[in-house]
Amino acid sequence: MLFDNKYIQQRIEKAQVLKDAGYNPYSNDSKRNTTIEKFLNVNSDIVDLEDKRDEKRHYIVSGRIKFLRIMGKASFVKIEDESGMLQIYVARDNLPENFYNTIFKKNIEVGDIIEIGGYPFVTGKGELSLHADTLKILTKSINPLPEKFHGITDKEIRYRKRYLDLIMNSEVRKTFQIRSRVISLTRHFFEEKGFLEVETPMMHPIAGGANAKPFVTHHNALGVDRYLRIAPELYLKRLIVGGFEAVFEINRNFRNEGMDATHNPEFTSIEFYWAYKTYKDLIEITKEYFRYLFDHLNLPTLLPYGDMEVNFDNFQEIPLIESLTTIGGVPADVTQNKEKIITYLKEKGLTVKPGMNLGQLQGELFDEFVEEKLIDPTFITEYPVEISPLARRNDENSEITERFELFIAGREIANAFSELNDPIDQLSRFEGQMAAKDSGDDEAHEMDSDFVEALSYGMAPTAGQGIGIDRLVMLLTNEASIRDVILFPAMKPVLNTANESEEEEA
RNA sequence: GUCUUGUUAGCUCAGCUGGUAGAGCACGUCACUUUUAAUGAUGUGGCCGAUGGUUCGAAUCCAUCACAGGACACCA
């Protein structure tokens, strides 16, 4: 049973006592007229007054009881609202006859949400507090809160019951406030640049725009399967074909793949597309974007992350092949030769999947020997065409694309390129991906002939970029796990025996 | 998917080479009108994640399963 715990029973009884005494334990008659933060700011002068109080001021605050110290005929209560924590001084003789002894002391406890009216004063220990003359229960909490000192540390409970995590760990609220700020600032940054925010489908007939396994769902009315989108890219580019010249979308993508510290099945990204620009312009706007974020978030450009220190004043730019040698330490003569790469990888004790082409092998070298060493922000440019099915070829060297990925703290943060707008080339790239799929690469890109048809009407030269918002927030908040920047991260359902028998009956 | 560590009271954790369950907080009762994780006294509280096995006897040993953390693999 949900409420058979004896502590819960006890508190349900207290709620009933309150009700019987005429105090609604779930009242919505709130008269709050200030927040705790405002109260503390407005009354910061009290400490300078002679008797350290001003009985002419009167405020009504509300919040959840976090600490309760009853000392006979007077008590100290710490309540918390979204803005902060405030100490309340509650004395028997300042409240209605019997209220303190029979109602407050017996039936109000830690976890309850109460409303208090009173005047500001500073205690002997120097803490600005509220001297209560009214006290009302707003919401009775019938489930006891976790321990007040250690709080809740069990990660499983913190993720499954995020509300408890938020109640107990105020720094968690801060993380998600920063996340909200980042998204808001991102939106403003691109709007100020003249980008139009758009919404494109979350359910796709063909899962395109990335190499990943999709989630499948079914649309009954049309009798067709749909794929939760793995990326919005192909729809945003259709909008460029249609004549929008700068668009962006901040939204969720879904990938049916493994979960770990940097992967959640649903994650948030911004993708933006900018006509008449190239990936070189994207490098510049990306630097500007980071400056904008750091300015508005008041972050130091030397930012700690784990045991690293990232210098956001030190953006580097290096072609992928060059990075293999200068950063990865792979001999230059190896990096351009398929057999030599395979031999090299095997020498290093790595298993090489058969049938990989040169570009894929170069990507492999990068993942193995370079990626984790890129601490300060680094644009890795000129990706092999084989692993860039949607990117424009370089005019001088058709084997590489006009593309970069941005790495920070050993992790990919952004992916960008001058878009491929040659419909014939796009068609043959898709065909190459189909061939890869046939030979066993189940994450090769799907053929999307509708998209090719869109390109055939002509898409202006365009540059486009995607930035992983979750990973960006991880960086800015120094969180090690993506689950700590997603309010409700994906978790396996817990099956208890009761649930199992229900399922059998159904 | 693999390896590894964990799962004991509402929460945070002890529990030795197997002998039948412990603390702190919380909660109940009592005292206390300036406390800061308030304090002092006292009491209640457990199918030791689930299922099987070994054993006279299992929280403890073994196996399987579930969930979680970490690492690796896969993956943008």
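Keep in mind the model is a prediction, meaning the values are calculated, not measured. Sequence lines set the chain letters: A, B, ... in the order given, protein chains first and strands last, and positions in each chain run from 1.
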Practice prompt. Would you check if A:Lys78 and A:Arg64 make a side-chain contact, meaning some heavy-atom pair closer than 4.5 Å?
Written response: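 No, their side chains stay 4.5 Å or more apart.
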Item to complete: Would you indicate whether the side-chain heavy atoms of A:Leu345 and A:Leu361 approach each other to under 4.5 Å?
Response: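 A:Leu361 reaches A:Leu345 side chain to side chain.
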Worksheet entry | 5' priority, RNA chain B, between A:Phe149 and A:Phe407 [closest heavy atom] |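 By nearest-heavy-atom nucleotide position, the 5'-most residue is A:Phe149.
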Worksheet item: Want to settle it: does A:Ser129 or A:Leu350 sit nearer the 5' end of RNA chain B, counting the closest nucleotide to each?
Response: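 It is A:Ser129 whose nearest nucleotide is closer to the 5' end.
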Discussion item. I need the single residue from A:Phe379, A:Phe366, A:Phe315 that forms a ring pair (Phe, Tyr, Trp, His ring centres under 6.0 Å) with A:Phe407. Which is it?
Written reply: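 Only match with A:Phe407 under ring pair (Phe, Tyr, Trp, His ring centres under 6.0 Å): A:Phe366.
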By the 4.0 Å heavy-atom rule, please label [X] as base, sugar-phosphate, or nothing.
| X | result |
| --- | --- |
| A:Phe67 | sugar-phosphate |
| A:Ile8 | nothing |
| A:Lys125 | base |
| A:Lys106 | sugar-phosphate |
| A:Ala212 | sugar-phosphate |

Practice prompt. Go through the structure and list residues passing side-chain contact (heavy atoms from CB on, under 4.5 Å) with A:Lys280, not counting sequence neighbours.
Written response: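 For A:Lys280 the side-chain contact (heavy atoms from CB on, under 4.5 Å) partners, ignoring immediate neighbours, are A:Thr278, A:Glu317.
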Worksheet entry | Distance, C1' atom - from B:U42 to B:C32, rounded to whole angstrom |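 To the nearest whole Å, 16 Å.
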Worksheet item: For the side chain of A:Thr401 and the backbone of A:Ala391, is there at least one donor-acceptor N/O pair under 3.5 Å apart?
Response: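 Checked: no pair found.
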So, OP1 or OP2 of [N]: does either fall under 4.0 Å of a side-chain N or O from [X]?
| X | N | answer |
| --- | --- | --- |
| A:Thr123 | B:U35 | no |
| A:Arg255 | B:C75 | no |
| A:Lys148 | B:A37 | no |
| A:Arg69 | B:A38 | yes |

Practice prompt. Please identify each residue that fulfils side chain to side chain donor-acceptor pair (under 3.5 Å) with A:Tyr159, with sequence neighbours left out.
Written response: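 If we apply the side chain to side chain donor-acceptor pair (under 3.5 Å) test to A:Tyr159, skipping adjacent residues, the hits are A:Asp484.
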Discussion item. Is there aromatic stacking of A:Tyr7 on B:G10 here, judged by a ring-centre distance under 5.5 Å and a plane angle under 30°?
Written reply: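 A stacking contact does not exist, since A:Tyr7 is not both close and nearly parallel to the base ring of B:G10.
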Worksheet, complete the sentence: Base-pair string, RNA chain B, Watson-Crick plus G-U, cut-off 3.5 Å on both distances, | for inter-strand, is (((((((..((((.....[..)))).(((((.......))))).....(((((..]....))))))))))))....
